[in-house]
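Single-structure report; data block below.
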Amino acid sequence: MAKTKRQKPKSRAAAKKPARKVVKLAAKKPVKKANGNGKSNGLPKPSSKPWGQAGLALQGVRVLDFTHVQSGPTCTQLLAYMGADVIKVERPGVGDITRGQLRDVPGADSLYFTMLNGTKRSITIDSKHAKGMEILNRLIKTCDVLVENFAPGALDRMGLTWDYIHKTNPRMIVASVKGFGPGPYEDCKVYENVAQCAGGAASTTGFREGPPLVTGAQIGDSGTGLHLALGIVTALYQRIRTGRGQKVLCAMQDGVLNLARVKLRDQQRLAHGPLTEYSQYGEGVPFGVAVPRAGNDSGGGQPGWIVKCKGWETDPDAYLYFITQAPVWNEICDVIGEPTWKTDPDYATPKARLPRLKQIFARIEAFTMTMTKFEAMELFNKHDIPCGPILSMKEIAEEQSLRATGTVVELDHPTRGKYLTVGNPIKLSDSPARVERSPLLGEHTEEILSKVLGYSAAEVADIKSSGAITAPDKSKAAA
Ligand code: COA
């Protein structure tokens, strides 16, 4: 594997005090202190060495990151968090298009970009310039993994076909995100919501009476990036045995379908009768030929619904998700003040309750409307009744336990200042996450040319004047 210069994990940006009010979750267990860096990730201390001293999990893996927008960058950011040296190749003068999209601070890289490209290095290379291709060739020889999510055919048009890359570096793993796998749509460009629709998620999301809905969670982009990261790590593992790289392909349609697999389960169950846990069953509405939208019904066998809490009239997030889990039915009846439901044959068994779920949740809601979602959470948790507050993004941004575990991290950026990002949601007991700010466009170009690729100072000067790493001079072009 390639040697990395960045051997020592830098300390993560410390969790800072929030500027404003902190909403406290009714956490039953205090946040534990653990691990060598003084932070808790909820895992035991590693056996012998202090946390992180054994190096990061993917230390020594070098990634040629040809990704843009969201799906690919999600994948490579995770690899970087795990310790890989991720070198992001961007078009000179332009960079990843998201640098300028949804800009909130004039002149600074957008949050869209900064939150998906942390802990990477940026080099600008024009892949359509002969000298640029020479630099890319050197990168291909020195990297372990190439990740890309261009439109179908774009990498081949650059001359970087699988055959060419494999011949140049037989150990190279070439990982791609595409919208669709081989088939009628393989040549199509795809964005998040297209994948949510084509992967079966949208047709099963929303309310029965309304149109299909996409979800706020980016299951098409970030979800597929996650799948790709697993494919890459798996290929790296197999390479230990074979010595050979391989192609890894994740289609966004496939990734979404994988996340929506319970709905394909339900599609097959439909052939054997109605889906009794869907509230439309209790309401006497017949099922059609395909899995319907289920509103806020629980996806599993324990009926659940979203109920109002105190303040719902003015606060759009004053709600609680409540699950009428069968093993705690007696506790639910006692807490909401319906003790007779414990023995009443219309309510005492899960089967008897199914046609009455609407009425049961209305009763639960009448109770939860007398308290805030946090008070309700505290009360129900005392009785082991599963429920969860609907947290707004404001509340998540201010939630201290997420800062303490490094799931939400505050970073400092030279042009935009402080910003929040999502750190590594995957915690490893022997490998702390390395969460650093995103690079400026081309920030590491010279460093990579000289220190990674071994170009001399004179060669770097030549490259600079060649136009391979700089944006075309528009004034010259116009003249
Ligand atoms: N130097 C020179 N040219 C470069 C370059 C560089 N460093 N980096 C990219 N380019 C060129 C590519 O070669 C391509 O040129 P070509 O079409 O002439 O061959 C061009 O930039 C644009 O690439 P493309 O991927 O087609 O961008 P797009 O903006 O038209 O499409 C997507 C964007 C996301 C729709 C498309 O990339 C796609 O479908 N990707 C796969 C699915 C995916 O990941 N979607 C989710 C995005 S979050």
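There is a side-chain donor-acceptor pair under 3.5 Å between Glu90 and Ser122. Looking only at atom types and distance, the side chain of Glu192 has no donor-acceptor partner in the side chain of Gln70 under 3.5 Å away.
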Problem set entry | Test salt bridge (charged side-chain N to carboxylate O under 4.0 Å, His left out) applied to Asp144 and Arg62, step by step | CA-CA 5 Å; Asp144 301 284; Arg62 182 168 284 151; over 6 Å; no
For this session: Test Lys373 against Glu395 for side chain to side chain contact (heavy atoms under 4.5 Å, CB included), laying out the working first.
Result: CA-CA 12 Å; Lys373 61 188 176 188; Glu395 288 162 338; 2.9 Å; yes
For this session: Evaluate the criterion ring-ring contact (aromatic ring centres under 6.0 Å, His included) for residue pair Phe380 and Phe322; output intermediate values, then yes/no.
Result: CA-CA 9 Å; Phe380 290 127; Phe322 190 98; 4.9 Å; yes
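For the pair Arg353 and Trp329, the cation-pi test (distance below 6.0 Å, angle within 45°) is passed. With Phe207 as the aromatic partner, Arg293 does not meet the cation-pi criteria of under 6.0 angstrom to the ring centre and within 45 degrees of the ring axis.
Interatomic distance, Asn258 CG to Cys250 SG, rounded to the nearest 0.5 Å: 9.5 Å. Distance check: Thr76 OG1 to Ile87 CD1 gives 12.0 Å after rounding to the nearest 0.5 Å.
Asn381 contributes a side-chain N or O that, together with a main-chain N or O of Met377, makes up a donor-acceptor pair within less than 3.5 Å.
Annotation for Arg269: atom CZ counts as buried by contact number, over 12 foreign heavy atoms lying within 6.0 Å. Within a 6.0 Å sphere centred on CZ of Phe287, other residues, nucleotides and ligands contribute more than 12 heavy atoms.
Taking the six-membered ring where tryptophan is involved, the planes of Trp305 and Phe361 are tilted, since the angle between them lies from 30° to 60°.
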